[in-house]
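Per chain, numbering begins at 1; letters A, B, ... match sequence-line order. In this text the structure is predicted, and so the values were computed from the model without any measurement.
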Amino acid sequence: MDDGNEIEIRDLNLWYGDNHALKDVNLDIRKNRITALIGPSGCGKSTFLRCINRMNDLIEGVKIKGEVLLNGENIYKKDVDVVALRKRIGQVFQKPNPFPMSIYDNVAYGPRIHGVGKKELDGVVEKSLKDAALWREVSDRLEGAALDLSGGQQQRLCIARALAIRPDVILFDEPCSALDPISTHKIEDLLQELKKKYTIVIVTHNMQQAARVSDYTGFFLLGEMIEFNRTRVLFENPEMEQTEDYITGRFG
Amino acid sequence: MINSKTSDKVMKGVFWFSALLIISILFLILGYVFVEGIRVVNLSFISDMPKNNWREGGIYPAIVGTFYLVAVALLFAVPLGVLTAIYLVEFRKEDNLTSIIRISVDSLNAVPSIVFGLFGLSLFFYYLKDFTGGPTIFSGGLTLGFMILPTVIRTAEVALRTVPLSEKLGSYALGATKLQTISRIVIPSSIPGIITGVILGFGRAAGETAPIIFMVALNPTMPEFPYLFSQCNALTTQIYYLTSEAISIERAFGMAFVLISIILISNYSARLINKYLARNIRR
């Protein structure tokens, strides 16, 4: 396992119109590690996450300055192919958002648009569902509607869908906030498996979750990254007063 | 003093009466057309050529002509309308141009149908006669197509707007382009709504008289190959002709019966298709 940096963020600033939402964020994201981003609502952690796969491009009035280096390449350079970038950086959303089609077609959606042939497709779908720990539950009804699955299953399907395009990095935007505790537990277990092959960044408002699953944690407040460290250090021995206040529940 | 309970009861009665009145009017019209029409409608009325200036025989050319005209109208209005709706929903932010487009669509919808008829007459009959051949299926169908365009655009727009943003974002996050997202996520989810628009357009196009009154033949005419540029009859215009020339009111009611049946059957089958699609697409 390589312990180098997969992504390096340098002096990242973001504005929604006049609202300066991210201020001089610097952060290194390690390969094959789970990096958690915590902070109160509206602190900019989800906005920051969307900078990594350029999903903010789809929002009107967003201005970005600074660099996001993916394996040394700035993804905000002019000639970067955003479609190819998003193929390397998958995303799982807060609310499960399977497409209104069959389980099989959901997982096959990404490979199909990227030109994977019919022959390989079955294998890709099976492997992705296995890697997302969903195969056992759905192998006998791949043609069934994805929206008939439970919320937790839907979220694992969305993970399988992201895995199917074989990304290097997967971004999780509060993936468990709409799920029950048992489904949450399953996804947390799954994250530990996934980090063997993928680099993971997870935004969560649940501090216990960050402490349980992540190797590194960054604390955001009002658009600034206040503190970043190994998860254990950040939670047991925070350097900044604001961090301590937040993790001890004095505000948030 | 009327207490509040009594006034509630009175108002309830008023609402009930209004609803009842609507239903009665509908059944009165449909029932009357049915009773009058059924006297002359039989298989040969539908499938035979007319004889003796529509006084005897069937009304086959008018049925065929109506379908030809409506087909041309839909072939023109549905692709154009759906593309316009996609442009409005997926490619434009709300700005001056979108409101201009929207006002134009609404204004087009408010144009009286006889004005479409007059416009079609000048455009296709006088200015483009060499191309359209004058009063042909092409000219009449396009005139109807202009008229139903707003219906198609509006219903398609509503259908496209109901596709959740989360699904589109999911598609983009997998590296899909805008075109792939539109063709694989947005349009498939909107198909039931688009079909509703097609059927509404079908009903309006089949049921209008004024736009095609100058575009159809009145004596029995079967379209000939190539159909697009030959003349035809239509049910609505023949109903008008048979009535205004006092040729046969009974047979005009027979035609009305056939026309209403076609529209009702198409509406109903569209509902069935929609139910079926909705079950399979969005669950």
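- Interface remark: of the candidates A/His114, A/Lys95, A/Lys87, A/His114 forms the most heavy-atom pairs closer than 4.5 Å to chain B.
- Only the side chain of A/Glu60 comes within less than 4.5 Å of a heavy atom in chain B; its backbone stays farther off.
- Contacts with chain B were tallied for A/Asn53, A/Ile165, A/Ile113; A/Ile113 has the most, counting heavy-atom pairs under 4.5 Å.
- A/Pro167 does not touch chain B: none of its heavy atoms, backbone or side chain, sits under 4.5 Å away.
- Legend: residues meeting side-chain contact (heavy atoms from CB on, under 4.5 Å) with A/Asp81, ordered by chain and number and at least two apart, are A/Val83, A/Ala84.
- With a 4.5 angstrom heavy-atom cutoff, A/Arg54 does not touch chain B via any of its atoms.
- Exactly one residue among A/Lys31, A/Arg33, A/Arg30 makes a side chain to side chain donor-acceptor pair (under 3.5 Å) with A/Asn5. That residue is A/Arg30.
- Between A/Trp15 and A/His20, the ring planes lie parallel to each other; the angle is under 30°, not in the 30° to 60° tilted range.
- Using a 30° and 60° split on the angle between ring planes, B/Phe67 and B/Phe202 fall in the tilted class, from 30° to 60°.
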### Message
As a quick check of understanding, evaluate ring-ring contact (aromatic ring centres under 6.0 Å, His included) for B/Phe138 and B/Phe131, giving each step before the final call.
### Response
CA-CA 10 Å; B/Phe138 180 84; B/Phe131 176 67; 5.4 Å; yes

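- Of the atoms belonging to A/Leu171, not a single heavy atom falls under 4.5 Å from chain B.
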